[in-house]
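Submitted below is the structure of interest, expressed as structure tokens.
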Amino acid sequence: MKLWGKADGTHRCKTKAADTEQRLIIGPCLSLSGWTTPGMFWPTVTADHLTDGFLARLLLFDVTDVPSTINEEQSMVGIPISLTERLRYWFNYQGPMTFDPDNPNKINALRIARTPKAREIIVDAMADAERYRDNEMEFGVWKRMPEKAARLSIISAASRVETVDDLLINEDDMAWGRAVASWCTSTLVARTKQQAGGESLRERQLHKVNFRIQEAWKASKNLDRTHLRRMCREIQTKDFEDIISTLVEMNEIVVESVKTKGRG
């Protein structure tokens, strides 16, 4: 979060005893990438995460509804050589960046031009985000959407050109960036409100158990108590039993005794 707003400045790393080991990062642009499953991620998210500033800075791609199968023809497609060469070009690109040691907070980085139409789209995206200003929880996420759209537009522009001399953000680049950023933001807000399940620990635990029961039901139409307890082992036994009783009383779940060769 500290590095987020320093892309046009500098970041001084942890102080070392030796002056020769002091590190100063010019124009930091931190990128984090991670993967998880919806069943593991969403039950840990609360409404507070929409306002604490961290989730708002992420581009979250929720792929819950994407088909799990890929046909053989798709899986055999190789990476085009042209794409590999273009990636190598940008990976090795250093950029015409200058740095004034007497004024470490000012750097001259590459400025990428936008077409007038592209500028209109990003201005409109900012106005779109303002619609949520009266909703503190949602505005905390939506106000970051135009920044994400702008960063994505650079990726789109870089994917089209051969060299940095041709780099120009056009209408299509910005429209794509805005569409992706808007989708990610709306998905994040909707899923968080859906999955958070309340503000108190008790409400979140109740929602978490119910959510995992529903997910298991979709997969196999049944769930034994031992398996469910293992899935919710972070909840204390007394609280777990109370939650099961509450869900039964609320008619959210049905508990049945099934005959087996051993214990029922």
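Worth knowing before you read on, the calculation uses all heavy atoms, side chains too, and leaves out hydrogens, waters and symmetry mates. Please read these numbers as outputs of a predicted model, since none were measured by experiment.
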Original post:
Are the side chain of S156 and the backbone of S153 linked by a donor-acceptor contact shorter than 3.5 Å?
Top reply: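 Not at all, since once roles are kept as given, no pair shorter than 3.5 Å links the two residues.
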Original post:
Which residues satisfy the side chain to side chain donor-acceptor pair (under 3.5 Å) test with E85, sequence neighbours excluded?
Top reply: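 R88.
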Original post:
Do the side chains of L188 and D62 get nearer than 4.5 Å, heavy atoms only?
Top reply: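 D62 does not reach L188 side chain to side chain.
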Original post:
With L247, which of L206, V254, D242 fulfils side-chain contact (heavy atoms from CB on, under 4.5 Å)?
Top reply: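 Passing option: L206.
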Original post:
Side chains of M174 and N170: closer than 4.5 Å at any heavy-atom pair?
Top reply: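 A side-chain contact is absent here, since even the closest heavy-atom pair is not under 4.5 Å.
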Subject >> Contacts of W183 that satisfy ring pair (Phe, Tyr, Trp, His ring centres under 6.0 Å) - sequence neighbours left out >> reply: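 Scan of W183 (ring pair (Phe, Tyr, Trp, His ring centres under 6.0 Å), adjacent residues dropped) gives none.
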Original post:
Rounded to the nearest 0.5 Å, what separation is found between the CG atom of L60 and the OG1 atom of T185?
Top reply: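 The CG atom of L60 sits 9.5 Å away from the OG1 atom of T185.
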**OP:** Indicate yes or no: at least one non-hydrogen side-chain atom of F61 is less than 4.5 angstrom from one of V180.
**Re:**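 Answer yes - side chains close enough.
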Original post:
Where is the tightest heavy-atom contact between A125 and P146, given as atom of each residue plus distance?
Top reply: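 Residues A125 and P146, closest heavy atoms: O-CG, 3.8 Å.
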Subject >> Contact check, side chains of L59 and R151, non-hydrogen atoms, under 4.5 Å >> reply: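 Not in contact.
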**OP:** Measure from the side-chain N and O atoms of R160 to the backbone N and O of L168, and report whether any donor-acceptor pair falls under 3.5 Å.
**Re:**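 Here the side-chain-to-backbone pair exists.
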Original post:
Does R119 use its side chain to pair, donor to acceptor, with the backbone of R114 at less than 3.5 Å?
Top reply: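 Side chain of R119 to backbone of R114: a pair is present.
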Original post:
Ignoring hydrogens and geometry, is there a side-chain-to-backbone donor-acceptor pair from R233 to R230 under 3.5 Å?
Top reply: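 Looks like yes, one N/O pair under 3.5 Å.
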Original post:
Of all heavy-atom pairs between L223 and H227, which one has the smallest distance, and what is that distance?
Top reply: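 So the minimum-distance heavy-atom pair works out to CD1-ND1, 3.4 Å.
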Original post:
Closest heavy-atom contact between E252 and N210?
Top reply: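 What the structure gives for the nearest pair is OE1-ND2, 3.3 Å.
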Subject >> Residue pairs passing the side-chain hydrogen bond (donor to acceptor under 3.5 Å, both in side chains) test where at least one lies in residues 120-131, sequence neighbours excluded >> reply: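 The answer is D124-R178, D128-R131, E130-R133.
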Subject >> Cluster overlap V123 with L152, hydrophobic side-chain contacts below 4.5 Å >> reply: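 Per the 4.5 Å side-chain linkage, V123 and L152 are not co-clustered.
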Original post:
What distance do F91 atom CZ and T84 atom OG1 have between them, rounded to the nearest 0.5 Å?
Top reply: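 Result: 13.5 Å between the selected atoms.
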Original post:
Between T237 and R229, is a side chain to side chain contact (heavy atoms under 4.5 Å, CB included) present by the stated rule, with each step listed?
Top reply: CA-CA 8 Å; T237 301; R229 186 69 190 98; 3.3 Å; yes
Original post:
Would a hydrophobic clustering, with Ile, Leu, Val, Met, Phe, Trp and Tyr connected at side-chain separations under 4.5 Å, put Y93 with L87?
Top reply: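 No, no single cluster joins them.
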Original post:
For residues 28-41, which residue pairs qualify under salt bridge (Lys or Arg N to Asp or Glu O under 4.0 Å), counting only residues two or more places apart or in two chains?
Top reply: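 Sorted pair list comes back empty.
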Original post:
Are I81 and I79 connected, step by step, through hydrophobic side chains (Ile, Leu, Val, Met, Phe, Trp, Tyr) whose heavy atoms are closer than 4.5 Å?
Top reply: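 No, it is not one cluster - the side chains of I81 and I79 are not joined through contacts under 4.5 Å.
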Subject >> Residue pairs involving residues 123-179 (criterion ring-ring contact (aromatic ring centres under 6.0 Å, His included); sequence neighbours excluded) >> reply: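 ring-ring contact (aromatic ring centres under 6.0 Å, His included) check on residues 123-179 returns Y132-W142.
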Subject >> With sequence neighbours excluded, residues passing side chain to side chain donor-acceptor pair (under 3.5 Å) with Q236 >> reply: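 With neighbours one apart ignored, the set is empty.
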Original post:
Any side-chain heavy atom of L55 sitting closer than 4.5 Å to one from V141?
Top reply: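 No, every pair of side-chain atoms sits at 4.5 Å or beyond.
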Original post:
Looking at OG1 of T115 and CG of D173, how far apart are the two atoms once the value is rounded to the nearest 0.5 Å?
Top reply: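 One finds 8.0 Å between OG1 of T115 and CG of D173.
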Original post:
Has the side chain of K148 got a donor or acceptor atom that lies under 3.5 Å from a matching backbone atom of C184?
Top reply: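 No, the answer is negative, given that no donor and acceptor are paired below the 3.5 Å cut-off.
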Subject >> Hphob cluster co-occupancy, V255 + W217, side-chain heavy atoms under 4.5 angstrom >> reply: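 No, V255 and W217 fall in different hydrophobic clusters.
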Original post:
Got T37 and F41 here, is their nearest side-chain heavy-atom distance under 4.5 Å?
Top reply: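 No, their side chains stay 4.5 Å or more apart.
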Subject >> Y89 backbone acceptor or donor facing N92 side chain under 3.5 Å >> reply: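 Absent.
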Subject >> Same apolar cluster (I L V M F W Y, side chains within < 4.5 Å links), I253/M231 >> reply: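 Result: yes, single cluster for both.
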**OP:** Examine distances only and state if a side-chain atom of R86 and a backbone atom of V161 form a donor-acceptor pair shorter than 3.5 Å.
**Re:**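 Yes, because the side chain of R86 sits within donor-acceptor range (under 3.5 Å) of the backbone of V161.
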**OP:** Determine the minimum heavy-atom distance between G140 and A56, stating which atoms define it.
**Re:**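 Here G140 and A56 meet closest at O-CB, 3.3 Å.
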